[in-house]
Amino acid sequence: MQWTLVIPLKPLERAKSRLTAATGDMVRPGLALAFAQDTVAAVLACPSVRDVVVVTDDGLAGRELAALGARIVRDEPAGGLNAALAHGTAAVRAGRPDSAVAALNADLPALRSMELARVLEGAAQFPRSFLSDAAGIGTTLLSAAPGTELRPAFGVASRSRHAASGAVELPLEGVDSVRQDVDTGDDLRAALALGVGPRTAAAAARLLIAD
């Protein structure tokens, strides 16, 4: 099964606000962009992925991610994360109604393409499924097979909400890079320990130099 991944991204000035305490407001937008660039690059290198749609209204992020090969869809609903994901999925299926779609966080800078392939292989066994984040509270990936609505319920405690909605939790080991999203300084340190992509590594190095 070949997948289209839908990745939402806030305007960079508002993205990753919980990182401010660790990075400051000057560095945070650049880090958010680097996270998204490394995430999209790893997704596009995954053999199970057909294409990537990024839902964003940020002009700079749109240009940079389009240059990597992503299709950019404007966040026309402007109604938050789940509305953006529903809009992106609708845009994909308007052209290809039989698309298998997965929503993925934009803040997975340590993402490994082959680990993502393992997750998508598992997801192909179910109409809807999800992968919990490293903290075991949230969700980093939610999938919908052809003919199945995505029904995203991201946000606080999304793991329990996705389970309650009937999506199957994927009990996979050895896919840490797909679970390690970055919201806090501790998350960033955990991602750096896993090994991040080149753009995040460069941005983190500038942060350390500034410190």
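Being a predicted model, the structure only gives us computed values, none of them experimental.
Taking every heavy atom of both residues into account, Thr39 and Asn105 meet most closely at CG2-O, 3.5 Å. Of all the heavy atoms in Ala106 and Pro8, the pair that sits closest is CB-O, 3.4 Å. Nearest heavy atoms, Gly174 versus Arg118: O-NH1, 3.4 Å. In plain terms, the two heavy atoms of Leu120 and Ser48 that are nearest each other are CD1-CB, 3.9 Å. Between Val196 and Ala191, the shortest heavy-atom distance links the atoms CG1-O, 3.3 Å. In terms of heavy-atom proximity, Gln37 sits nearest to Leu68 at O-CD1, 3.5 Å.
By the 4.5 Å side-chain criterion applied to Ile, Leu, Val, Met, Phe, Trp and Tyr, Val53 is assigned to a cluster that also includes Val6, Val55, Val73, Leu81, Leu85, Val92, Val101, Phe130, Leu142, Leu150, Phe154. The hydrophobic cluster analysis finds Leu194 isolated: no Ile, Leu, Val, Met, Phe, Trp or Tyr side chain comes under 4.5 Å of it, directly or through other members. Within the hydrophobic cluster formed by Ile, Leu, Val, Met, Phe, Trp and Tyr side chains joined at under 4.5 Å, directly or through other members, Met114 stands alone, with no partner residue.
Sorted by first and then second residue, the salt bridge (charged side-chain N to carboxylate O under 4.0 Å, His left out) pairs with a member in residues 185-195 read Asp186-Arg189; sequence neighbours excluded. For residues 79-107, the pairs satisfying salt bridge (charged side-chain N to carboxylate O under 4.0 Å, His left out) are Lys16-Asp107, Asp51-Arg96, with sequence neighbours left out. Residue pairs meeting the ring pair (Phe, Tyr, Trp, His ring centres under 6.0 Å) criterion with at least one partner in residues 13-68, sequence neighbours excluded, are absent. Among residue pairs with one or both ends in residues 149-164, those qualifying as side-chain hydrogen bond (donor to acceptor under 3.5 Å, both in side chains) are Thr139-Ser158, Thr139-His162, Arg159-Glu169; sequence neighbours excluded.
The backbone N or O of Ala42 sits less than 3.5 Å from a side-chain atom of Ser113, completing a donor-acceptor pair. A side-chain donor-acceptor contact under 3.5 Å links Asp133 to the backbone of Ile137.
Partners of Arg74 by salt bridge (charged side-chain N to carboxylate O under 4.0 Å, His left out), not counting sequence neighbours, listed by chain and number: Asp57. Residues meeting the salt bridge (charged side-chain N to carboxylate O under 4.0 Å, His left out) test with Arg28, sequence neighbours left out: Asp25. The salt bridge (charged side-chain N to carboxylate O under 4.0 Å, His left out) search around Arg14 returns none, not counting sequence neighbours. With sequence neighbours left out, the salt bridge (charged side-chain N to carboxylate O under 4.0 Å, His left out) criterion links Arg128 to no other residue. Here Glu115 pairs with Arg112, Val175, Ser177, Val178 under the side-chain contact (heavy atoms from CB on, under 4.5 Å) rule; sequence neighbours left out.
Side-chain contact check for Asp58 versus Leu9: every heavy-atom pair is 4.5 Å or farther apart. Using a 4.5 Å heavy-atom threshold, the side chains of Leu5 and Leu116 count as touching. Side-chain contact between Asp38 and Leu111 is absent, with no heavy-atom pair separated by less than 4.5 Å. A 4.5 Å side-chain heavy-atom check between Val43 and Val40 finds every atom pair outside the cut-off.
More than 12 heavy-atom neighbours from other residues, nucleotides or ligands sit within 6.0 angstrom of CD on Gln2.
With rounding to the nearest 0.5 Å, the separation of CH2 in Trp3 from SG in Cys46 is 11.0 Å. One finds the OG1 atom of Thr56 at 12.0 Å from the CD atom of Glu64 (value rounded to the nearest 0.5 Å).
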Test log, rule side chain to side chain contact (heavy atoms under 4.5 Å, CB included), inputs Thr200 and Val182: CA-CA 11 Å; Thr200 301; Val182 177; over 6 Å; no

